[in-house]
Amino acid sequence: MSWPTTVTELARLQEAVGAIAPDPWYPSPEGLATGGVFVCFGRGGSGPGAQGDFGWAGASVVRDGRIIAGATVTGVAGGAYRSGYLALREGPLLEAAVRALSEPFDVLLVNATGRDHPRRAGLALHLGAVLGIPTIGVTHRPLLATGDRPQSDAREATGLLFLGDDLVGYWVRTRSDSRPLAVHAGWRTSPETARSVVLLATAANRTPEPLREARRLARTARSADSPPLG
DNA sequence: GCGACAG
DNA sequence: ATCTTGTCGC
């Protein structure tokens, strides 16, 4: 498993990875260690982002509500942003940040889709296949999947996300009265497992703690490396 | 009317 | 993602 450098090669690998049905993983009720990984890129013009942009990736591990590990790495975007080909741009950077963690964990939250993808292999799922660990995708909105938002404004309200006839994830309201997050089945995880783990990993904020900490680490590293002029 | 396709 | 504008709630 790897990170191709061209869209043609990536599409071919996604077809292969998307066709795999790995053994399902189930969270153990006690002491679940959940990781999170997030990448942000340098400032500079607007637009979708180009190949070669500098990036900062943060990763964290949270267990029993406590942050027990954190890591940050820097690198370069492997490609411009292209819907369906996020792995080209962010894959290597995300993998490096996760490998830099000093503590083991059970499942990883990734800011990307999973089975909700043209070739059933969104970046969250692809990263899990590369690392050989269960992953779950968390995004603001679906890529291709469709489904009604939760009816209730209460925390834990959900809505189904379908890609054709397949249930690929859930809308999950992680905090009362906040917009729901799109939660995606990833590597070795079902939509139900994804929903359950995301709720377990969420505290007072809308964003699950592992992702929140990973994002904080990435942005802090970026501001330290590229302070505003003047 | 445009765009509607993760980050 | 990042940017910008506007609104809401603490």
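The chains referred to below are lettered A, B, ... by the order of the sequence lines, with proteins before strands, and numbering in each begins at 1.
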Just checking [X]: base, sugar-phosphate only, or nothing, at a heavy-atom cut-off of under 4.0 Å?
X	result
A/His140	sugar-phosphate
A/Arg89	base
A/Thr139	sugar-phosphate
A/Pro118	nothing
A/Leu144	nothing

### Cluster overlap A/Val107 with A/Leu181, hydrophobic side-chain contacts below 4.5 Å
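In one cluster: yes.
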For [X] and [N], what is the distance between atoms [atom1] and [atom2] respectively, to the nearest whole Å?
X	N	atom1	atom2	answer
A/Phe38	B/dA6	CZ	P	15 Å
A/Asp177	C/dC10	CG	C1'	14 Å
A/Asn111	C/dA1	CG	P	6 Å
A/Phe41	C/dC3	CZ	P	14 Å
A/Leu143	B/dA6	CG	P	6 Å
A/Leu161	B/dA6	CG	P	14 Å
A/Arg120	B/dA6	CZ	P	16 Å
A/His117	B/dG7	NE2	C1'	12 Å

### Query
Taking the six-membered ring for Trp, are A/His126 and A/Trp3 ring centroids under 6.0 Å apart?
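Yes - the distance between ring centres of A/His126 and A/Trp3 falls below the 6.0 Å cut-off.
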#### Entry: Near-parallel close stack of A/Tyr81 and B/dG7 base (under 5.5 Å, under 30°)
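Yes; by the centre-distance and plane-angle rule, A/Tyr81 counts as stacking on B/dG7.
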### Query
Is the backbone N or O of A/Glu213 less than 3.5 Å from a side-chain atom of A/Ser60, with the two atoms forming a donor-acceptor pair by type?
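Between the backbone of A/Glu213 and the side chain of A/Ser60 there is no qualifying donor-acceptor contact (under 3.5 Å).
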### Query
Can you check whether A/Val110 reaches A/Leu125 side chain to side chain, under 4.5 Å on heavy atoms?
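The answer is no, as the side chains (C-beta and beyond) never meet within the 4.5 Å cut-off.
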### Query
Does any non-hydrogen side-chain atom of A/Asp53 lie less than 4.5 Å from one of A/Arg89?
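Side-chain contact under 4.5 Å: yes.
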### Message
Taking only side-chain N and O atoms of A/Arg219, does any of them lie within less than 4.0 angstrom of OP1 or OP2 on C/dA1?
### Response
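Affirmative; the distance criterion is met.
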### Query
Under a 4.0 Å N-O cut-off, is there an ion pair linking A/Asp106 with A/Arg63?
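Not counted as a salt bridge, because no side-chain N and carboxylate O are separated by less than 4.0 Å.
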### Query
Going by an N to O cut-off under 4.0 Å, is there a salt bridge joining A/Glu209 and A/Arg212?
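Salt bridge between A/Glu209 and A/Arg212, a charged N being under 4.0 Å from a carboxylate O: yes.
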#### Entry: Pairing pattern in dot-bracket form [Watson-Crick, G-U; both distances under 3.5 Å; | = partner strand] for DNA chain B
.......
